[in-house]
Enquirer: 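Quick one: the structure is below, and I'll ask about it shortly.
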Amino acid sequence: MHATTSHPSPQKSVWLDTSREPPLDAAAATGAHHTQVAIVGAGYTGLSTALHLRQQGIEATVLEAGQVGAGASGVNGGQVIPGLKKDPDQLEALFPGRGAAIVERFGHAADLVFSLIEQYAIDCSPVRNGWILAAHAPEAMRTVRQRQAQWTARHAHVDLLTQEDVTRLSGSRAYVGGLIDHRAGTLQPLAYARGLARAGRALGARLFEHSRVDSLSRQADGWRLHGRGFEVRAEHLVIATDAYSGNLLPSLERSLINVSSLQIATAPIPDAFLDAYLPSLAGMSETRKLAVYLRRDPSGRLLIGGRGALREHTPMSLYQELHTRLSTIFPQARHLGIEYRWQGTVGLTIDELPHLHELEGRLLIGTGYNGRGVAAATTMGKILADRITGGELADILPVSGLTSIPWRFARLPLMAAAISYYRVRDRLGFGA
């Protein structure tokens, strides 16, 4: 294959150019409004909350500072992965009495996503061909075997893969084995967000774009939200902004470690060469702690994502490093031109688990998806809605207040040290 001469769009996601779900073009909020539940943020968490509230007949009003999917929901890798960062045995040990229910619910998180896509005819190119966790070294296979055994014991369709299996499914000879989770899949992430918004509006949810909430004030009967030219009174308030919270609720911002994640997408690969790259159409990640994740999109592009810069400015060398990693996994990919590059922000928690916060005055927050946002945030929306209505998932997660990370203001040197440490671990072959 000959090298292409395509020039990447500066900081533009491929999803903006390929979404078959059109923009919502919702009006900005003006004047005074009243609602049973006000939701700040039109990403997966907020939109899923609104949709599930409307399914139960509860008024829901979503306020979005930009457009639907303007944050991580519109720029992520579109991998729909069930489960959480911690394995089932760990979750059951951490949460006696409710751990099994958490494992069960988040184990079915991908089912919820694909059922909503089908129910509301969301045009987001869903492909449910699984997710490969590829082991980068023999030592990492221990973690893979443990994970596969734990899910299999819970009747999940998760299979071990030999090195030959991984090569057959991925097209890469860079890995020694792995697993495939058949519950998982991929989708067009921005289109999925827009489809959730469309479905919610069809059920009667109100959506306002370009309506930044600047301040919150607690009232005797609920909450008052203020923005430029509008005011919303609500009985319940849901904050669904995750890593994009800014100064609206400083205690929430201080409870997360926000990190950058970068992605690049190649030009469409000619059909004659396409089966050399992820012919199974599964999504794929690695067992490295400093891992990359890969997939193909419906147009035949190859996408790879990984860690971003610690500081606000992202040097081009980090995008070039991603291209180098791509060429290590697929040597023939060094000839592929890069058409898109972009970045987003991921909200991390210290315990690598999503958090459900409940503050005084009927204020709920769902946050901290740690890179598993498509499935986990959709499920969190259902949990938040049920918390308000007393539904089946009202008590599935432990509820906490907001706790600031004590060393957060020293995060840059600490994270730089952690990256150096994990780089050494990855070279020694340990799994994440």
Enquirer: If the threshold is 4.0 Å, N to carboxylate O, is there a salt bridge linking R98 and E92?
Expert: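 Here R98 does not pair with E92 in a salt bridge, since their nearest N and O are not under 4.0 Å apart.
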
Enquirer: Should we say atom CZ of R212 is surrounded by more than 12 heavy atoms from elsewhere, each under 6.0 Å from it?
Expert: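 Counting neighbours around CZ of R212, 12 or fewer heavy atoms of other residues, nucleotides or ligands fall under 6.0 Å, so no.
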
Enquirer: Which side-chain N or O atoms in residues 64-75 pair as donor and acceptor under 3.5 Å with protein atoms at least two apart or in another chain?
Expert:
residue : atom : partner : partner atom : Å
E64     : OE1  : A42     : N            : 2.8
E64     : OE2  : G66     : N            : 2.8
S73     : OG   : Y44     : N            : 2.9

Enquirer: Will you find, in the side chains of S115 and Q119, an N or O donor that is under 3.5 Å from an N or O acceptor?
Expert: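 Q119 and S115 do not have a side-chain donor-acceptor pair below 3.5 Å.
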
Enquirer: Does a side chain donor of either Y277 or S170 reach within less than 3.5 Å of an acceptor in the other side chain?
Expert: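 Absent: no donor and acceptor within the cut-off.
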
Enquirer: Are R183 and W131 in a cation-pi contact, defined as NZ or CZ under 6.0 Å from the six-membered ring centre and within 45° of the axis?
Expert: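 Output no; distance or angle outside limits.
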
Enquirer: Taking salt bridge (Lys or Arg N to Asp or Glu O under 4.0 Å) as the definition, give me every residue that meets it alongside R198, ordered by chain and number, with sequence neighbours left out.
Expert: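 Expected list: E21.
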
Enquirer: When you check the side-chain N and O atoms of Q56 and D386, is any donor under 3.5 Å from an acceptor?
Expert: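 Judged by distance alone, the side chains do pair up.
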
Enquirer: Is there a donor in the side chain of S125 and an acceptor in the side chain of R20, or the other way round, less than 3.5 Å apart?
Expert: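 Yes, R20 and S125 have a side-chain donor paired with an acceptor closer than 3.5 Å.
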
Enquirer: Are R194 and D25 within salt-bridge range, i.e. N to O under 4.0 Å?
Expert: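 Judged by the 4.0 Å cut-off on N to carboxylate O distance, R194 and D25 do not form a salt bridge.
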
Enquirer: Charged N to carboxylate O below 4.0 Å: is that the case for R147 and D181?
Expert: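 Salt bridge flag = no for D181 with R147.
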
Enquirer: Are a donor atom and an acceptor atom from the side chains of S261 and Y293 found within less than 3.5 Å of each other?
Expert: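 Yes, a side-chain donor-acceptor pair sits under 3.5 Å.
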
Enquirer: Do Y175 and T287 have a side chain donor and acceptor closer than 3.5 Å?
Expert: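 Distance-only check fails for Y175 and T287.
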
Enquirer: Using distance alone, with no hydrogens and no angle criterion, decide if T367 and D242 have a side-chain donor and acceptor under 3.5 Å apart.
Expert: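 Yes, because at least one side-chain N or O of T367 sits under 3.5 Å from a partner of the opposite role on D242.
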
Enquirer: What I want to check is whether the side chains of S327 and R334 have a donor and an acceptor closer together than 3.5 Å.
Expert: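 Judged by distance alone, the side chains do not pair up.
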
Enquirer: Under 3.5 Å, is there a donor-acceptor pair between the Y340 and D17 side chains?
Expert: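 The criterion, which ignores hydrogens and geometry beyond distance, is satisfied for D17 and Y340.
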
